[in-house]
2 protein chains.
Amino acid sequence: MAKRKPQSRTECPVERSVDIIGDEWSLLLIRDAFDGLRRFGEFQKNLGVAKNILATRLRHLVAHGILEVVPASDGSAFHDYVLTPKGRDLFQVLVGLRQWGEHHCFQPNEARSVLVDTEQGRPVRAMEVRSESGRPLTSTDTVVKKVSEKKPRSKR
Amino acid sequence: MAKRKPQSRTECPVERSVDIIGDEWSLLLIRDAFDGLRRFGEFQKNLGVAKNILATRLRHLVAHGILEVVPASDGSAFHDYVLTPKGRDLFQVLVGLRQWGEHHCFQPNEARSVLVDTEQGRPVRAMEVRSESGRPLTSTDTVVKKVSEKKPRSKR
DNA sequence: CCAATTTGGTTTCAAAATGAAACCACCCGG
DNA sequence: CCGGGTGGTTTCATTTTGAAACCAAATTGG
């Protein structure tokens, strides 16, 4: 799981994210956590993943502060895995994957689950990337600016 | 690469997306394609990936309509790999990964690349999930609604 | 036009990751 | 205090990965 160059930390934020959560099981575990699954057995049953793999991935996500282990909500001596604030901040990533899948991975009339606003029960809007001034942007309107060093000290 | 249950197509759009692009190399290849890399050798040099793995992943992305093979832009007999419209629609996913990485995978003063609006040169806004009515939503404001079948026919 | 080099792969093989199954300790309910 | 459920770990066969060698077609230098 993400063993590439542990020495040279890349300056690309996409790559740092992908190194942590860029694998199938981690992403599906995070999806399930957003869906409210908490227990080892729930994840295992829902994903059909081998228990050793599941244990490895849960440890990985806990180690990276995406999930945390808390006392079970049912009062038993077991424990739950729940999203931390850092984990919940992956919401946009999961919504992005969902909306792309909705748009590109289904036949027009094929059944699919849909993310709705709890309050209104209506599907959420398509996410947009916007400039600082609020203008919607496509990928061709943007560019990655490399920052070699933090500004040593401002001259003024 | 995504060999899980090829028979039962899940109704979860997140899972369908993850089955296609939920691996480290695919996501990094897509990032590089957004950055304008086109040639086999460019990807290979930039990622440091083994050539057999790169060939497999490029074939996979082409097979799924995310990249396409086009005549080389330099007029040579080689060819380029470029994002299709379907591939460009992954922009929000990549921006989501980038913004999460920026926020959670760097020390405050650590050097990082940044995505800017080409026109203004200013960093893009944080992406937001919004309700149909425009209200910003967090994960706790939303729920996944399972849709078992397409509406057979409207009664009215 | 020919030789050398570059490009874009494929093949081969060892090492690593995955996954199924067996095993096991602890908790819980009766 | 017994039987089953929960949450793992261990073992081992299979699959995937990756490094390196190899190779054909295209390009470049002379």
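Just the heavy atoms: all of them, side chains too, but no hydrogens, waters or symmetry mates, feed the values below. First the proteins, then the strands, lettered A, B, ... as listed; each starts at 1.
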Determine whether the aromatic ring centres of B/Y81 and B/F40 lie less than 6.0 Å apart.
no
Can a salt bridge be assigned to the pair [X] and [Y] using a cut-off of 4.0 Å between side-chain N and carboxylate O?
{"X": "A/R31", "Y": "B/E15", "answer": "yes"}
{"X": "A/D117", "Y": "B/R130", "answer": "no"}
{"X": "A/R98", "Y": "A/E102", "answer": "yes"}

Starting at [atom1] of [X] and ending at [atom2] of [N], how long is that distance when rounded to a whole Å?
{"X": "A/K45", "N": "D/dG7", "atom1": "NZ", "atom2": "C1'", "answer": "16 Å"}
{"X": "A/L54", "N": "C/dA21", "atom1": "CG", "atom2": "P", "answer": "17 Å"}
{"X": "B/D23", "N": "C/dA17", "atom1": "CG", "atom2": "C1'", "answer": "14 Å"}
{"X": "A/E24", "N": "C/dA17", "atom1": "CD", "atom2": "P", "answer": "17 Å"}
{"X": "B/R57", "N": "D/dT16", "atom1": "CZ", "atom2": "P", "answer": "10 Å"}
{"X": "B/Q44", "N": "D/dA20", "atom1": "CD", "atom2": "P", "answer": "12 Å"}

Would you give a per-nucleotide map of nucleotides 7-13 of chain C, 5' to 3', where B means the base has a protein non-hydrogen atom under 4.0 Å away, S means only the sugar-phosphate does, and - means neither?
SBBBBB-
Is it true that the NZ or CZ of B/R16 lies under 6.0 Å from the centre of A/F106's six-membered ring and within 45 degrees of the ring axis?
yes
With the side chain defined as heavy atoms from C-beta on, B/I53 is closest, among C/dC27, C/dG19, D/dT17, to D/dT17
Which of the following nucleotides, C/dG19, D/dA19, C/dC28, is nearest to the side chain of A/A77?
C/dC28
So if you build clusters from Ile, Leu, Val, Met, Phe, Trp, Tyr with side-chain heavy-atom gaps below 4.5 Å, do A/L58 and A/V82 land together?
no
OP1 or OP2 of D/dT17 versus the side-chain N and O atoms of B/W25: is any pair under 4.0 Å?
no
